[in-house]
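Computed from a predicted model, the values in this text were never measured in an experiment.
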Amino acid sequence: MINQMQQVVIATRKRDSEAVIAALQEVGVLHLRPISGGPLNTGSLSGQDAQARRDDERMLARAESTIAELGAYRPAPAPLPAVAEWEGVVEGAAVPVSTLAKQRQELQSDLDVERNYGDAVRALARMVGGLDRSRRLALVPFLLQPTDNLGDLEAALRETLPERYAIATEQVGQNRVGVVATLKAERDAARTALSKVRLGELRLPGRFDNMPLADAAAAMEDIRQNGVSRQADLNTQREKLAQQHGPALYAVRDALKDRVAVHDVRAVSARGKYSLVMQGYVPVDRLGALDATLDKFGDSVCAELHPVDEHHDDQIPVELKNNSYVKPFQVVMGLMSLPKYGSFDPTWVIAVFFPLFFGIIIADVGYGLLFLWFGMWLLGKARRNEGWDLSFFGAYVPPATLKDLGYVVNVMAAWTILWGFLTGELFGTLGEHLGLFYINPELLNNLWSWTGIHYPTEAAHGAAHHAGLIPTLFPRLETGYFSNVALVFALCFGIIQVLWGWAIRIQMGIRHKDPIHTWEGIALGGGVLGLIMMAFASRAGKDFGALTNFGSPLVILMWAGFIAFIVGYIRIIKHFPMLPIELLSQGGAVMSYARIFAVGLVSAILAKLCSDVGWAMYERIGFLGILIGIVLGALLHFFVLALTLIGHIVQPLRLHMVEFLNPTGFNNETSPRYNPLRRLSPSPSAQVPVQPVPSAVSGPVK
């Protein structure tokens, strides 16, 4: 659900403003909103305030860049030095760190040059001997690709420098390096000859550019032999600097951020000669904490609360507030924009249906156990307060996020295992081969005969197919007779969610007194209901004569839905003239839920093929076939799961993001995230306890 907010306006004396802002940072409940216009000053600071802000921002930037050069994660908390020592702490770390960073950068540049040019330079040095030190001769090195023709270069040289040059080449890797020796006065002529055959002079980067080839080769050889050890030494020095300066540097950095935040608050507030006024939003369940904090300032602070205008105020922040089961799924909601304040929070819907859809698609006990192991591994790292360094993606997942991800994965695994038992799948048909799962025709006929299907007892599966420990209750792999049941089962979720989405649209329209969206919801919700009832009443178009049988409740609902569509369309035709086309699109949205059946069936068939291939090796070869079959089957399962897993996750998410949430209007509007003013540095006093919420939700705080 979306946490309820109240708007608050706080006025204080200018001389007390820093203490008041610091107290608001400490309590951490006020989401600020800039004030613009009015008789008081707003916007950029001026005078001494502006200079103080520049000084703090300069020191903060210096601290931030030093921390970045140290490249260390946040160390254990350290005591905050006195304010007078902050600049000394920052500069005391910045000077040696920046010097070391420059050395590391230069060494890394040398290592890159040696890796790219080292072999070529050493070959050139061997070819020229001591000619690179000659006062009369000039050397022009070049590089030949495998497709370049050396004969073309020699022809160009003979034309440009007849009998006044020498050329030598040597193979280096897939390419050839070469050098042209000529008189110093004719160096440009040699370069011209190279350009005629689309070759250029080989120039070394950085400090190696003007070195004689022998010196460059010696330097690169030294880098090749000692560069890695030097880099390790520099990294060790950086780690020591991080241990020495990191704790105090982080403490000062956080304190500077808090001071800069004070300047930011002043900049977005209204300021007079003697006063300062702030405005923002506070969650209703944290009004007591705000009241207790401001009470400490007595009459020097005045605060007043107002109800928020959720119909017209687009700046009201959103904070999601859910129970312990739903809250971890907010990490999934992070893939979408936040809902608009005063609208519908779909987190609990995703918490219920997303893992359910995933479980129906995978529906394999073996895969579910793998997901359960992965979820427990994530939770284990979170319990040890370890993050997950995904450096190859340029990301780092903190322990708190790992905890939520592990919880979500475990719920997905639980549904996967449950549906695996219902479909009788353990790594595809491995459970069937082992006699764990089996088909019971009598049980299936009793369970599903109401749908009109009948299990063909004469099916050529053999006696083993009907013997085992656990009967299969949802045999989706029995495509010969069960596909229609599985398909309609998947479409039922589409019927529920699409109609539910339009019902939410109607509810939001009524709540916000928006007749256009209310009638839009009535029209399309009724139209979709009519299409669905028509499909059921006519048995998917096989008996259109049944549509006039008003003794059937399906027909009554169908015509009621179409009448609702016509009435709603007439009411909003000037706003949505293409609504009939949108109705057909919404019918397609219901059909999109066939993905649950289709993607799941493909997953099951691929898993079946993997296990059948491995089992066939056992049946053909015997004991050796068991080993080969296990290895081959495991590799195939891993390959198939790796290729299809992203799709199995994306498809349920897409059904929620598009088919379900589009009718609700969720994707049309959003609100800013609740981001209260908070203290980063350690609090000088204990946190103010949260007080009971006052019974009144409007009016002055005190």
Side-chain angles (χ1 to χ4, degrees), residues 3-50 52-53 56-57 256-309 313-319 341 671-681 683 685 687-688 690-691 693-694 696-702:
N3 206 3
Q4 295 296 308
M5 294 284 173
Q6 282 268 284
Q7 188 171 14
V8 62
V9 178
I10 301 173
T12 183
R13 291 180 296 201
K14 194 170 184 179
R15 67 187 182 190
D16 298 325
S17 61
E18 184 170 351
V20 172
I21 296 171
L24 292 173
Q25 285 179 318
E26 186 172 339
V27 72
V29 298
L30 178 64
H31 176 103
L32 283 168
R33 176 179 177 178
I35 297 178
S36 59
L40 300 179
N41 294 326
T42 59
S44 301
L45 301 177
S46 59
Q48 293 182 350
D49 291 338
R53 179 175 186 170
D56 288 339
E57 288 179 339
L256 285 169
K257 279 192 171 184
D258 289 338
R259 282 179 50 163
V260 170
V262 172
H263 298 308
D264 292 339
V265 171
R266 286 173 172 163
V268 300
S269 303
R271 306 180 303 279
K273 186 175 182 180
Y274 302 107
S275 62
L276 181 139
V277 180
M278 297 169 277
Q279 70 173 354
Y281 304 91
V282 179
V284 171
D285 57 3
R286 270 158 268 179
L287 288 175
L290 178 67
D291 193 13
T293 297
L294 297 182
D295 275 346
K296 296 184 298 184
F297 295 94
D299 295 336
S300 63
V301 174
C302 178
E304 189 172 293
L305 292 172
H306 304 277
V308 296
D309 184 1
D313 190 348
D314 295 330
Q315 299 302 314
I316 305 174
V318 165
E319 181 188 41
Y341 184 84
S671 289
R673 185 179 299 276
Y674 173 63
N675 184 26
L677 182 67
R678 287 194 178 100
R679 178 185 295 279
L680 295 178
S681 57
S683 174
S685 60
Q687 181 87 6
V688 178
V690 177
Q691 302 296 324
V693 180
V697 295
S698 63
V701 175
K702 60 182 182 64

Quick check: closest heavy atoms across [X] and [Y], and the distance to 0.1 Å?
| X | Y | result |
| --- | --- | --- |
| S300 | R13 | CB-NH2, 3.1 Å |
| V277 | I35 | O-CD1, 3.3 Å |
| L294 | A303 | CD1-CB, 3.6 Å |
| G28 | R678 | CA-CG, 4.1 Å |
| I21 | V265 | CD1-CG1, 3.6 Å |
| Q279 | P34 | NE2-O, 3.2 Å |

In Å and rounded to the nearest 0.5 Å, what is the [atom1] to [atom2] distance from [X] to [Y]?
| X | Y | atom1 | atom2 | result |
| --- | --- | --- | --- | --- |
| Y274 | R15 | OH | CZ | 11.0 Å |
| D258 | R679 | CG | CZ | 5.5 Å |
| R286 | Q4 | CZ | CD | 12.5 Å |

Got [X] and [Y] here, is their nearest side-chain heavy-atom distance under 4.5 Å?
| X | Y | result |
| --- | --- | --- |
| L290 | L24 | yes |
| D49 | R53 | no |
| D285 | N3 | yes |
| V29 | Y674 | yes |
| K14 | S275 | no |
| E57 | H263 | no |
| V308 | D313 | no |

Item checked: With R673 via side-chain contact (heavy atoms from CB on, under 4.5 Å) - residues at least two apart ->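 Result, side-chain contact (heavy atoms from CB on, under 4.5 Å) vs R673: L338.
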Margin query: Which residues pass the side-chain contact (heavy atoms from CB on, under 4.5 Å) test with A261, not counting sequence neighbours?
Written below: Q25, L677
Item checked: side chain to side chain contact (heavy atoms under 4.5 Å, CB included) partner of V282, the single match among L305, L30, D291 ->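 It is L30; the other options fail the test.
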